[in-house]
Chemist: 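My structure is below; once you've seen it, I'll send some questions.
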2 protein chains.
Amino acid sequence: MAQGTLSGRRDVDFVLHEMLNVEELSKHELFADFNRKTIDMVVSEARNFALKEILPANEEGDKGCVFENGQVKTPESFKRIFDLYCEGEWIGASEDPEFGGQGMPNVLNLAAAEFFSGASMAFMMYPGLTHGAAKMIESLGTEEQKKIYVKNMYTGKWAGTMLLTEPDAGTDVGALTTTAKKNDDGTYSITGNKIFISAGEHDMTENIIHPVLARIEGAPAGTRGISLFIVPKYRVNPDGSLGEFNDVVCTGIEEKMGIHGNATCSLTLGGKGNCIGTLLGQENKGMKAMFLMMNEARFGVGVQGFSLGATSFANAVAYAKERIQGRELLKFMDADAPSVNIIKHPDVRRQLLVMKSYVEGMRALLYYVARCFDMERVLEESDEKEKYKALIEFLIPVVKAYCTDKGFEVCVLGMQVYGGYGYIAEYPQEQLVRDCKITSIYEGTNGVQAMDLLARKLGMKGGKPLMDLMGEMGNTVAQAKAVDGLKELAESVEKASAKLGEVAMAIGQTAMSEKVLDAFGSATPFLEVTGDVVMAWLHLWRATVAAKALASGNAKKKDEAFYQGQVKTAQFFIQTLLPMAMGKMDGVKTFTSAVMEIPEDGFMQ
Amino acid sequence: MAQGTLSGRRDVDFVLHEMLNVEELSKHELFADFNRKTIDMVVSEARNFALKEILPANEEGDKGCVFENGQVKTPESFKRIFDLYCEGEWIGASEDPEFGGQGMPNVLNLAAAEFFSGASMAFMMYPGLTHGAAKMIESLGTEEQKKIYVKNMYTGKWAGTMLLTEPDAGTDVGALTTTAKKNDDGTYSITGNKIFISAGEHDMTENIIHPVLARIEGAPAGTRGISLFIVPKYRVNPDGSLGEFNDVVCTGIEEKMGIHGNATCSLTLGGKGNCIGTLLGQENKGMKAMFLMMNEARFGVGVQGFSLGATSFANAVAYAKERIQGRELLKFMDADAPSVNIIKHPDVRRQLLVMKSYVEGMRALLYYVARCFDMERVLEESDEKEKYKALIEFLIPVVKAYCTDKGFEVCVLGMQVYGGYGYIAEYPQEQLVRDCKITSIYEGTNGVQAMDLLARKLGMKGGKPLMDLMGEMGNTVAQAKAVDGLKELAESVEKASAKLGEVAMAIGQTAMSEKVLDAFGSATPFLEVTGDVVMAWLHLWRATVAAKALASGNAKKKDEAFYQGQVKTAQFFIQTLLPMAMGKMDGVKTFTSAVMEIPEDGFMQ
């Protein structure tokens, strides 16, 4: 009980197979190995590993890393599971076997990742960042860079990071001051200070590879003058062996609210004038490289937010079934009535249903987007491929912001279900809240995501991405209308989708008018209602699949409650939570002038 | 910057004087001393003390208490400020001078308390619990008990607690098993284990007085057999001197998410058969005593939630004015444009306005209710007195649940405004989030508050309390309609108030039908929309006062921005946040059957 548990796999199977039919990906040569049996085996293996090895390490991880003399000591248990994780070849699970990967579809990799992150987000940041850095080198590196680094990183021999933030350059990357001076041999000498570097220094691997954003001497100001470099902690000789220390010095780690097991480092590069990097990609194209990796990175953060919520929900359900407290409401005044498990109480059920709606809605969204990535990979240039690309672009900011906000909200509710025990460190719920909070902040704050949605994604290709998305919603609505008992729910989703279209049109137009700032003042609630309507759509989809399975008469006995649960969750979301989104859309449509008109001194207290 | 700041006093003055005219309380003999000058002096003194003494202690407090050999060592800085706090006679600020109090109105005491709690909630729990325990003895004790304890507690010579929770008796108080056996001398021998006892053991005072809920041998099961006892840590001789240790042993303190400076203790009473208590009030009337104290206790927790939010808001505004990051939105593409303070960015302004709406809305609500307490105290039996009583009863669960939920939400937003720095312990925002979270859980979870509102308060006296509240709203609407520029806002509030009335009627009726459980499944959103509409009403009231002040032409120059801020905040809340409540009311009205119909196994994941 104290350690907590993880999501079961029933709903993962439902999304993979009954909603998305991911087995069909195996028709494409790239994923030919991934038939149903293999998929199920991977999911089993991942969940087992997460439950038996990663989850037990998470509480020790919360005690944090130790910084001494420039060294970071990570929790012992983390080192042990990192090795096991690498043995399982999980870092490169979805990557090319040529570089040590397993070549699995993104959507399957996600099923594994949700259990891993849900078991220990702080731990998973080590392999996660390593994967991201390696992927960047695989995408942009020279043959030589690829040969030296990529396989060593996908196999976990070396770790990776991302050195972007500086004290005065957070959201505004263009303000960074780290410099790179070209040497005669074509390498660069790097000098600067970076902060908030997750896994910036640790003792889990023999080397750490830092992709670093810096400005080449004489380059333009702002984002147009930023280049990307590979800066290893220890230099790498041409034969792959390690050379001397590369003057990347950790000057401290942050005390923070959560993810204590992952060291957040301040790094000084070239403090002794001895830090050498090689250019990754082209000069002054560092920001372009960032954008190239952005979808994957932001998707990954959405997965973090979601998966902590999923774990909190799994804990809350288990606790609510086990914890005995109070009598049934209708027997409240009868002192002789037996005490019951708290899942009998209406308000506890309501809380669990709110959590379930968001967790399962987010799971469907994330798997849907992951499958879009896979489809984009396997398809030749075509309208269909363009559709998947567009859906990805449009949905990524929603995934990042909505799944981290709602994931956090779910974690908070999961504490509440535990009552006083939820606030106590002995139980798992409060750590989930603390760990989850960072996800709304890093990798572009959620406010930045909302601006991305409004400024870049909404108007892309004349609004095609949103139209494609609404087309998908329309398909689901049409199917649901034909299913017994779902007609009213389908009509509500249809109305919500139409209203979202109107609001999108209105905010797009306002953003191009003299009221542009008022539009941007409504960007966040616009992103939020987009997420809400997406949830409603996906719940309707779920309910359609479940209702058909029930109606077929072929559902296994033990699956019946699960399917009924799907239908009831859709009903709950669409009847009680969707109406809030409808009201919120009314709020967005006012494009209130108050946000920009209130004088700065009007915030006086 | 790192330590943070506190709310200014401009808005406190606005609520005290311009909205509520609290000076008029001095017309009543009880408060004759509290003229404008005295009121202003008290507020100044409280804010100064909070800012200069309490706030600097809060960060050290977060490092926590130490438990060794049954002793709890509190942070050194807390002991120092506790003595200063007692010297200032703040514990009994609103109490009878006969017992060491200062006799000030509740509403003025609240103005002090918001600064104190906002500076350090963990610290304020020590004097707060001491006050509550003393008040209980003052209300229920024999002359002798009052003589021995009350003054010593109001002056802080001795501290107090409340021993209620046991491992299997949290929300269900009636399940408690601590027993009391009557001795020949009329005292009782107490035996039992209590948990989650805030300030249950510490080294700040020479004695700690525990009010304890226990069951007298042979008493009925459930809440009807619970009695209340005074159990001091050290026995007290008839002359007031301390006697022997009373066998109240602290067996451990909890590691928890926040309020680290306040020890949360497990206490064993009578482990050596040597714990003696005296009955407080009547046998088997312990729950009645709890109810007597409940309004004050729940109000106090609402104040905690609010005041941490207020501090987070004050910090966020200061940070947003100071932190330079990024260019103005309209100059985004111009690399040569200067970087600006982030309060210029629309999404940051929006976040600040959300925080401002809730903080100032809650402040108005709490001061309004505190003034109701005062009016109830000074009035003779009359319809008017009954009105204040009814408003208090109805609003207390809203105050407790809404102010703690929204206070927490504001704290979370306050982190977000800080970006990455918000997550770092060096800055004040993350501690506020951690400290605040407990307020939605203790003193009756917020779910319990929602049940209280629906089951006890809504139908009280044929629904009079809500009608009285709606009458108050109607008055404000009528006044606002006559003010230039507020007509539309007034109409929106009028509609929301009417809709709240409909929803209240519907949920009340549903709760008396066979769909009673569905009604209770909607109790929490019903409480939430009640709070939302109350916020809208109070913002309209604020805007009316502010608009009149602006129109009068007499407003001081430096006040103009403040008043404009009031009008714009009302506009923001009513145009963008109130519509969400309108939608949420639609959701409540469905009384969805999904909550109760989903099978327990339907939560399978």
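In this text the structure is predicted, and so the values were computed from the model without any measurement. Letters A, B, ... are given to chains in the order of the sequence lines, protein chains preceding strands, and every chain is numbered from 1.
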Chemist: Using 0.5 Å steps for rounding, measure from the CZ atom of Phe603(B) to the NZ atom of Lys321(A).
Modeler: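 Going from CZ on Phe603(B) over to NZ on Lys321(A), the span is 8.5 Å.
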
Chemist: Please flag which part of Phe313(B) lies under 4.5 Å from any non-hydrogen atom of chain A: side chain, backbone, both or neither.
Modeler: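 Both the backbone and the side chain of Phe313(B) come within 4.5 Å of chain A.
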
Chemist: Please identify, among Phe591(B), Phe408(B), Tyr442(B), Phe14(B), the residue contributing the most non-hydrogen atom pairs under 4.5 Å to chain A.
Modeler: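 The residue among Phe591(B), Phe408(B), Tyr442(B), Phe14(B) with the greatest pair count is Phe408(B).
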
Chemist: Asp168(A) versus Ile324(B): any side-chain heavy-atom pair under 4.5 Å?
Modeler: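 No, every pair of side-chain atoms sits at 4.5 Å or beyond.
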
Chemist: State, to 0.1 Å, how close Ile441(A) and Met415(B) come at their nearest heavy-atom pair, and which atoms those are.
Modeler: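 Heavy-atom minimum between the residues: CD1-CE, 4.1 Å.
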
Chemist: How many angstroms lie between atom CE of Met604(B) and atom OG of Ser7(A), to the nearest 0.5 angstrom?
Modeler: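 OG of Ser7(A) is found 13.5 Å from CE of Met604(B).
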
Chemist: For each of Gly565(A), Pro599(A), Ala561(A), tally heavy-atom pairs with chain B at distances under 4.5 Å, and name the one with the top tally.
Modeler: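 Of the candidates given, the most pairs with chain B belong to Ala561(A).
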
Chemist: Are the side chains of Glu426(A) and Glu255(B) in contact, using a 4.5 Å heavy-atom criterion?
Modeler: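 The answer is no; the side chains never approach within 4.5 Å.
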
Chemist: Which one of Gly258(B), Gly222(B), Gly174(B), Ala450(B) has the most heavy-atom pairs closer than 4.5 Å to chain A?
Modeler: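 Most pairs with chain A among the choices: Gly258(B).
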
Chemist: Please find the pair of heavy atoms, one from Gly521(B) and one from Pro346(A), that lie closest to each other, and give the distance.
Modeler: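 For Gly521(B) versus Pro346(A), the nearest heavy atoms are N-CB, 3.7 Å.
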
Chemist: Would you please say whether a donor-acceptor pair under 3.5 Å links the side chains of Ser440(B) and Gln416(A)?
Modeler: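 Yes, Gln416(A) and Ser440(B) have a side-chain donor paired with an acceptor closer than 3.5 Å.
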
Chemist: If you tally heavy-atom pairs under 4.5 Å against chain A, which of Glu409(B), Lys344(B), Met355(B) wins?
Modeler: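 With the most close heavy-atom pairs to chain A, the winner is Lys344(B).
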
Chemist: Examine whether an atom of Met585(A) lies under 4.5 Å from a heavy atom of chain B, and if so say whether it belongs to the side chain, the backbone or both; otherwise answer neither.
Modeler: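 Interface part for Met585(A): neither.
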
Chemist: Between Asp586(B), Val173(B), Leu517(B), which shows the greatest number of heavy-atom pairs under 4.5 Å with chain A?
Modeler: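 Among the listed options, the one with the most contacts to chain A is Leu517(B).
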
Chemist: How close do Gly602(A) and Lys356(B) get, counting heavy atoms only, and between which atoms?
Modeler: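 Smallest heavy-atom distance, with atoms named: O-CE, 3.1 Å.
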
Chemist: In this structure, is the centre-to-centre distance between the rings of Phe196(A) and Tyr421(B) below 6.0 Å?
Modeler: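 Yes.
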
Chemist: Would Asp601(B) and Arg10(A) pass as an ion pair if we require N to O under 4.0 Å?
Modeler: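 Arg10(A) and Asp601(B): not salt-bridged.
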
Chemist: In Å and rounded to the nearest 0.5 Å, what is the OG1 to NZ distance from Thr576(B) to Lys589(A)?
Modeler: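 If I round to the nearest 0.5 Å, the distance is 15.0 Å.
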
Chemist: Would you say that Lys256(B) contacts Glu430(A) through its side chain, given a criterion of any heavy-atom pair below 4.5 Å between the two side chains?
Modeler: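 Lys256(B) vs Glu430(A): side chains apart.
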
Chemist: Taking the side chain as everything from C-beta on, heavy atoms only, tell me whether Val412(A) gets closer than 4.5 Å to Lys437(B).
Modeler: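 Yes; the side chains approach each other to less than 4.5 Å.
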
Chemist: Write down the atom of Ser339(A), the atom of Asp172(B), and the distance for their closest heavy-atom approach.
Modeler: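 Scanning both residues completely, I find the closest heavy atoms to be OG-OD2, 3.9 Å.
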
Chemist: Quick check on Ala314(B) against chain A: is it the side chain, the backbone, both or neither that has a heavy atom closer than 4.5 Å?
Modeler: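 When you check distances to chain A, atoms from both the backbone and side chain of Ala314(B) fall under 4.5 Å.
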
Chemist: Of the non-hydrogen atoms in Arg323(A) and Pro167(B), which two are nearest, and what is the gap between them?
Modeler: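 Minimum heavy-atom contact is NH1-O, 3.2 Å.
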
Chemist: Does some side-chain heavy atom of Val595(B) sit less than 4.5 Å from a side-chain heavy atom of Lys568(A)?
Modeler: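 A side-chain contact under 4.5 Å is absent here.
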
Chemist: Using modelled atom types and a 3.5 Å cut-off, is there a donor and acceptor pairing between side-chain atoms of Gln575(B) and backbone atoms of Gly587(A)?
Modeler: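 The answer is no, because no donor-acceptor pair under 3.5 Å joins these two groups.
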
Chemist: How many angstroms lie between atom CZ of Arg434(A) and atom OH of Tyr423(B), to the nearest 0.5 angstrom?
Modeler: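 If I round to the nearest 0.5 Å, the distance is 7.5 Å.
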
Chemist: Heavy-atom distances under 4.5 Å only: say whether Val317(B) touches chain A with side chain, backbone, both or neither.
Modeler: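 The side chain, not the backbone.
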
Chemist: Using non-hydrogen atoms only, which part of Met451(B) is less than 4.5 Å away from chain A: side chain, backbone, both, or neither?
Modeler: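 For Met451(B), side-chain heavy atoms alone lie under 4.5 Å from chain A.
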
Chemist: Going by heavy atoms in the side chains, are Asp347(A) and Phe520(B) under 4.5 Å from each other?
Modeler: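 They are not in contact (no side-chain heavy atoms under 4.5 Å apart), so the answer is no.
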
Chemist: Tell me, side chain or backbone of Glu360(B) under 4.5 Å from chain A's heavy atoms, or both, or neither?
Modeler: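 Contact with chain A is through the side chain of Glu360(B) alone.
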
Chemist: Side chain from CB out, backbone as N, CA, C, O: work out which of these in Ile195(B) comes under 4.5 Å of a heavy atom of chain A, or both, or neither.
Modeler: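 Side chain of Ile195(B) only, per the 4.5 Å heavy-atom cut-off to chain A.
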
Chemist: Measure distances from Met596(A) to the heavy atoms of chain B and classify the residue's part below 4.5 Å as side chain, backbone, both or neither.
Modeler: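 The answer is both parts of Met596(A).
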
Chemist: Under 3.5 Å, is there a donor on one side chain and an acceptor on the other for Ser593(B) and Gln571(A)?
Modeler: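 Judged by distance alone, the side chains do pair up.
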
Chemist: So, are Asp518(A) and Arg350(B) salt-bridged, with charged N and O less than 4.0 Å apart?
Modeler: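 Looking at Arg350(B) together with Asp518(A), the answer is no, because their closest N to O distance does not fall below 4.0 Å.
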
Chemist: Would you compute the distance between atom CD1 of Ile438(B) and atom CD1 of Ile424(A) and round it to the nearest 0.5 angstrom?
Modeler: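 These two atoms lie 7.0 Å from each other.
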
Chemist: State, yes or no, whether a side-chain contact exists between Glu600(A) and Asn341(B) at a heavy-atom distance under 4.5 Å.
Modeler: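 Yes, close enough: below the 4.5 Å cut-off.
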
Chemist: Are the side chains of Ile598(B) and Arg349(A) in contact, using a 4.5 Å heavy-atom criterion?
Modeler: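 Touching, per the 4.5 Å side-chain cut-off.
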
Chemist: Name the region of Arg363(A), side chain, backbone, both or neither, that has any atom closer than 4.5 Å to a heavy atom of chain B.
Modeler: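 Arg363(A) has no heavy atom closer than 4.5 Å to chain B.
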
Chemist: Give, as side chain, backbone, both or neither, the part of Thr524(B) having an atom under 4.5 angstrom from any heavy atom of chain A.
Modeler: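 Interface part for Thr524(B): both.
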
Chemist: Report the distance from atom CG of Leu6(B) to atom CD of Gln605(A), rounding to the nearest 0.5 Å.
Modeler: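 That separation rounds to 10.0 Å.
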
Chemist: Among the options Gln325(B), Glu254(B), Met582(B), pick out the one with the most heavy-atom pairs lying under 4.5 Å from chain A.
Modeler: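 Sorted descending by pairs with chain A, the first entry is Gln325(B).
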
